[in-house]
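Report on the structure given below.
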Amino acid sequence: MINFKKAIADAIADVTNLDTKELETYIEIPPNADLGDYAFPCFKLAKSLRKAPPMIANDIKENIKVDENLIEKIEVVGGYLNIYINKQALVKTVLEEIDAKKEKFGSSDMGQGKNVVIDYSAPNIAKPFHIGHLRSTVIGGSIYKIYNFLGYNSVGINYLGDWGLQFGKVMAGISLWKDEYDFQNDEMTSILKTYIRFNKEEKEKPELTDLAREYFKRLEDGEEEIVKMWEHIREISLENYQKTYNLLNSKFDSYNGEAYYNDKMQPVVDELQEKGLLKESQGAHVVDLEEYGMPPCIIITSAGTTIYATRDLASLKERIKKYNFDKAIYVVGNEQQLHFKQVFKVLELMGYEEYSKNCVHVPFGLVVDKDGEKIGSRKGNSVFLEDILNEAIDKVRTIIEEKNPNLEDKEEIAKKVGVGAIIFNDLSNSRIKDEIFDWDMILNFQGETGPYIQYIYVRTKSLLEKAGYIPEFKDVNIGKITEKAEIEIIKLLYKFNIIIQNAAEKNEPSILARYLIDLSQSFSSFYNDNKIITEDKELQNARLYLTYSVGTVLKTGVELLGMEMPNKM
Ligand code: ARG
């Protein structure tokens with residue numbers, strides 16, 4: 001596609017002898033298109049050119065040589081150059097690109113040959129898959145797809161919490177209450193019930209905690225029977241988690257979790273020792289980070305055991321070796337901010353600065369109800385992710401039964417819309433904010449929601465169906481696309497790739513989510529104010545092609561968020 005910004009920057013560079021790249025960064029998009037499609041603030045040059053901004057603006061305007069096929073006119077307003085691009089050139093370049101790339105429109109190969117390792121979901125298994133892990137799963141899943149779309153090789157790692165006292169609790173619980181639950185027929189539910197009951201009862205009976213510790217110790221010591229039991233519980237839990245992952249369409253390239261690193265930590269401890277980074281402190285072995293304003297990073301506790309940070313360092317070393325990553329992204333809650341800062345710092349001190357500087361923690365807020373209370377925080381009120389997803393599907397099914405009972409493939413559509421609504425709700429605001437979970441909002445088909453975007457997409461589909469054809473690009477007369485609403489849509493399509501790049505750069509899928517709302521709303525107002533199927537067949541072709549283009553981008557965008565697009569609703 002034509003790079004208008006670059007063309008403008010090049011032309012300004014010619015008359016000012018300043019650096020094109022730098023000039024390009026100054027170019028703005030005015031809030032109102034009446035002030036131009038682009039604006040150049042000349043006060044940025046006042047210092048180097050030693051002139052008042054309005055004078056600079058006039059000078060540039062007088063002397064600039066622009067390609068009339070690209071730039072329509074330039075106006076000076078105060079210290080600004082307002083630049084109006086040639087709309088026909090814009091329409092042409094966008095639609096040509098859509099014709100060439102179809103559902104790949106917006107993609108790029110900027111990441112070719114680069115590996116991005118994304119650590120996401122990472123639930124603590126043998127425990128219920130809690131709503132708290134929805135966010136990491138959904139945000140990480142979208143980041144994974146976005147990087148792939150930009151040509152990177154995404155590696156999705158589900159760093160399972162598959163080691164720890166929770167297994168001791170489940171095993172101790174099973175030893176006590178085996179006969180009280182239906183382990184024969186419904187093992188997972190029985191495991192979960194055992195775990196929940198154990199947590200409740202241990203509050204009054206501390207001897208239960210001792211029993212859990214004992215079981216965990218036996219596991220750590222490698223007692224054969226206990227290890228077998230652990231393997232079995234891990235497998236059953238994973239199978240169960242897989243049901244939720246299937247609903248969410250989550251994919252991972254590796255499930256190497258905490259347990260996998262059990263025998264891989266000693267080399268890290270040795271290396272830290274060799275490099276003189278370990279210090280003894282109150283019986284523990286730590287890396288002192290005082291100089292960097294952080295508490296010490298504990299590597300070996302006073303009880304002689306390795307901990308969370310030790311494992312993360314071992315896993316980082318492996319990720320360096322195995323993937324030689326260009327970026328390592330950790331999609332983990334905000335409360336682990338300090339942990340990751342410490343781990344990345346220690347990696348740097350070990351001499352891996354090349355890698356540590358490319359490690360990013362991508363934090364996010366809590367899931368709260370509409371009164372701001374953390375969901376599932378009240379005692380005994382555990383909220384399982386699978387239940388929530390199924391509830392969403394049920395609710396959509398009910399709506400379909402009411403409004404469109406003859407719809408084909410109701411079940412599939414209910415799934416795409418219900419699950420999509422949950423995913424979109426999670427991604428629609430900047431991730432660091434708490435996510436408000438409110439059914440009325442999530443499923444509002446008129447609001448800024450997943451179902452709204454899906455509904456607009458279905459509209460584009462039914463329009464094309466009604467017309468009976470999708471025009472070929474060669475049969476489209478570009479000159480017919482002139483309405484303000486149409487140009488607004490074209491401009492949004494033009495920036496799709498930039499939006500995706502921004503979303504990747506900031507690890508912020510909400511940038512894409514907001515964009516898809518904007519595009520849907522723009523299409524909706526265009527559609528409300530203009531006839532698409534008309535007598536004028538040239539006009540009809542052009543508008544149908546625009547309709548097709550919007551549909552294509554909405555579908556691509558929604559899929560990059562991890563949602564699925566229904567064809568009917
Ligand atoms: N299982 C952990 C938790 O639920 C998250 C793990 C995140 N990943 C990591 N490499 N530390 O809190």
Side-chain angles (χ1 to χ4, degrees), residues 116-141 143-144 154-170 192 195 199 216 230 233-234 237-238 240-241 244-245 250 252-262 264-265 268 297-299 306-323 325 327-347 352 355-356 358-367 374-377 382-385 426 431 507:
V116 178
V117 173
I118 305 158
D119 182 312
Y120 68 106
S121 197
N124 302 319
I125 62 171
K127 290 186 192 181
F129 200 161
H130 195 260
I131 186 165
H133 278 99
L134 170 73
R135 299 218 68 193
S136 172
T137 309
V138 166
I139 295 167
I143 291 176
Y144 180 93
S154 301
V155 181
I157 299 187
N158 194 344
Y159 184 78
L160 294 175
D162 55 2
W163 198 254
L165 195 58
Q166 79 259 34
F167 285 92
K169 290 185 185 185
V170 169
L192 293 181
Y195 177 77
N199 275 310
F216 185 53
W230 168 79
I233 296 172
R234 183 183 190 273
S237 304
L238 230 99
N240 184 259
Y241 273 52
T244 308
Y245 288 139
S250 310
F252 302 95
D253 303 294
S254 160
Y255 289 86
N256 288 348
E258 301 198 24
Y260 174 82
Y261 292 98
N262 276 344
K264 298 175 181 63
M265 283 177 283
V268 175
C297 182
I298 303 174
I299 301 295
T306 51
I307 66 170
Y308 195 45
T310 329
R311 283 194 153 69
D312 260 327
L313 284 166
S315 69
L316 262 166
K317 285 218 64 187
E318 172 156 303
R319 288 172 194 184
I320 291 173
K321 206 166 106 199
K322 205 159 164 183
Y323 306 110
F325 61 77
K327 212 179 233 184
I329 294 171
Y330 289 82
V331 188
V332 187
N334 204 15
E335 66 285 350
Q336 294 194 24
Q337 195 94 245
L338 176 63
H339 165 74
F340 286 106
K341 265 182 142 170
Q342 290 178 310
V343 167
F344 300 160
K345 193 56 165 183
V346 174
L347 188 71
Y352 302 104
Y355 292 96
S356 68
N358 293 320
C359 291
V360 227
H361 174 213
V362 172
F364 50 82
L366 303 171
V367 183
K374 186 173 166 185
I375 292 209
S377 63
S382 278
V383 184
F384 298 165
L385 194 42
D426 196 304
R431 59 179 153 70
N507 296 303

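First listed ligand is number 1; within each ligand, the first listed atom is number 1.
With sequence neighbours excluded, the residues forming a side chain to side chain donor-acceptor pair (under 3.5 Å) with R234 are D162, listed by chain and number.
Environment of CD1 in I298: sparse, with no more than 12 heavy atoms of neighbouring residues, nucleotides or ligands closer than 6.0 Å.
Ring pair Y323/Y355: centre-to-centre distance not below 6.0 Å.
Between F252 and Y120, the ring planes lie tilted relative to each other; the angle falls in the 30° to 60° range.
Taking CD1 of I143 as the start and OG of S154 as the end, the distance is 10.0 Å to the nearest 0.5 Å.
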Would you mind listing each N/O atom of ligand 1 next to any protein N/O under 3.5 Å, plus the distance?
from, atom 1, to, atom 2, distance (Å)
ligand 1, 1 (N), A122, O, 2.9
ligand 1, 1 (N), N124, OD1, 2.8
ligand 1, 4 (O), N124, ND2, 3.2
ligand 1, 4 (O), H133, NE2, 3.0
ligand 1, 8 (N), D119, OD1, 3.2
ligand 1, 10 (N), D119, OD2, 2.9
ligand 1, 10 (N), D312, OD1, 2.8
ligand 1, 11 (N), Y308, OH, 2.8
ligand 1, 11 (N), D312, OD1, 3.4
ligand 1, 11 (N), D312, OD2, 2.9
ligand 1, 12 (O), Q336, NE2, 2.9

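In terms of heavy atoms, L347 sits closest to L313 at N-CD2, 4.2 Å.
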